[in-house]
Amino acid sequence: MNKQITLALTGASGAPYALRLLQCLVQADYRVYLLASSAARVVLKTEQQQEWPGSPKELSAYLCRQYGAIDGQIVACGKEEWFSPVASGSAAPKQMVVCPCSMGTVSAIANGTSDNLLERAADVVIKERGQLILVPRESPFSAIHLENMLKLARLGVTIMPAAPGFYHEPKSIEDLVDFMVARILDHLGVEHELTRRWGYARH
Ligand SMILES: Cc1cc2nc3c(=O)[nH]c(=O)nc-3n(C[C@H](O)[C@H](O)[C@H](O)COP(=O)(O)O)c2cc1C
């Protein structure tokens with residue numbers, strides 16, 4: 001397995017996007033370093049009725065079972081696991097997605113706080129000039145949110161708000177989730193057939 005990526009979940013609404021993205025990355029043979037903030041766990045419980053194991057080792061095993069991944073393909077990391085590969089430019093994956101991304105985490109990343117492993121991992125991807133994709137969800141955005149996102153966009157970070165389109169005629173929530181996940185996979189360069197593309201025949 002030579003493709004690797006960091007997937008971080010934070011406490012914005014939109015846990016289904018993250019779970020579907022994780023499934024697609026596993027199916028595409030990525031090793032996924034997984035980070036989840038405390039608030040992300042609250043959102044997971046609220047939106048998906050999922051309570052993940054607390055210890056990174058148990059969470060890794062649980063998610064590998066859940067997604068049919070091979071042992072070690074999903075590596076959950078604790079928020080102060082400073083010796084994780086994602087904490088250093090010498091070892092971190094060059095691609096990272098924060099999905100969903102809270103305004104709190106947008107601010108921490110925009111200000112280089114690096115106060116936990118998730119924020120440090122994003123800081124590393126920016127400094128190493130890798131690919132960082134944020135999937136923020138808030139409405140409306142305040143000037144603080146917009147300024148933080150503009151700062152990041154100017155640094156080359158991709159701001160991809162959780163704002164699914166309707167031109168693929170979604171019939172279900174899964175269709176809306178797939179719309180967003182498809183756009184994220186497109187940017188990552190992962191092949192998929194999740195949704196019909198713009199300009200292609202309707203049926
Ligand atoms: C169920 C739930 C939904 C939330 N939705 C959002 C949201 O959509 N966007 C957002 O920026 N914050 C949202 N929050 C608030 C964040 O979780 C909170 O600001 C938290 O401190 C973010 O921490 P984190 O960035 O470390 O995950 C939500 C919180 C809960 C419990």
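Counting convention: from 1, in listed order, for ligands and their atoms alike.
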E80 atom CD, neighbour heavy-atom count above 12 within 6.0 Å: no

Indicate, with yes or no, if L146 and L134 share a hydrophobic cluster defined by side-chain heavy-atom contacts under 4.5 Å among Ile, Leu, Val, Met, Phe, Trp and Tyr. yes

Can you confirm whether some protein heavy atom lies under 4.0 Å from atom 10 (C) of ligand 1, or whether none does? yes

Under 4.0 Å from a heavy atom of M103: which atoms of ligand 1 are those, numbered in the order shown and with their elements? 10 (C), 11 (O)

Establish whether atom 19 (O) of ligand 1 and some protein heavy atom are separated by less than 4.0 angstrom. no

Under 3.5 Å, N or O to N or O, is T105 touching ligand 1 that way? yes

Per-atom filter on ligand 1: closer than 4.0 angstrom to a heavy atom of V42 are 31 (C)

How are the rings of F179 and H168 set relative to one another: parallel (under 30°), tilted (30 to 60°) or perpendicular (over 60°)? tilted

Within reach of ligand 1, part of S37 (heavy-atom separation under 4.0 Å): side chain

For atom 12 (N) of ligand 1, closest protein heavy-atom neighbour: G11 O, 3.7 Å

Atoms of ligand 1 under 4.0 Å from any heavy atom of E138, numbered from 1 in the order shown, are 9 (N), 10 (C), 11 (O)

re atom 3 (C) of ligand 1, the protein heavy-atom contact at minimum distance is V43 CG2, 3.9 Å

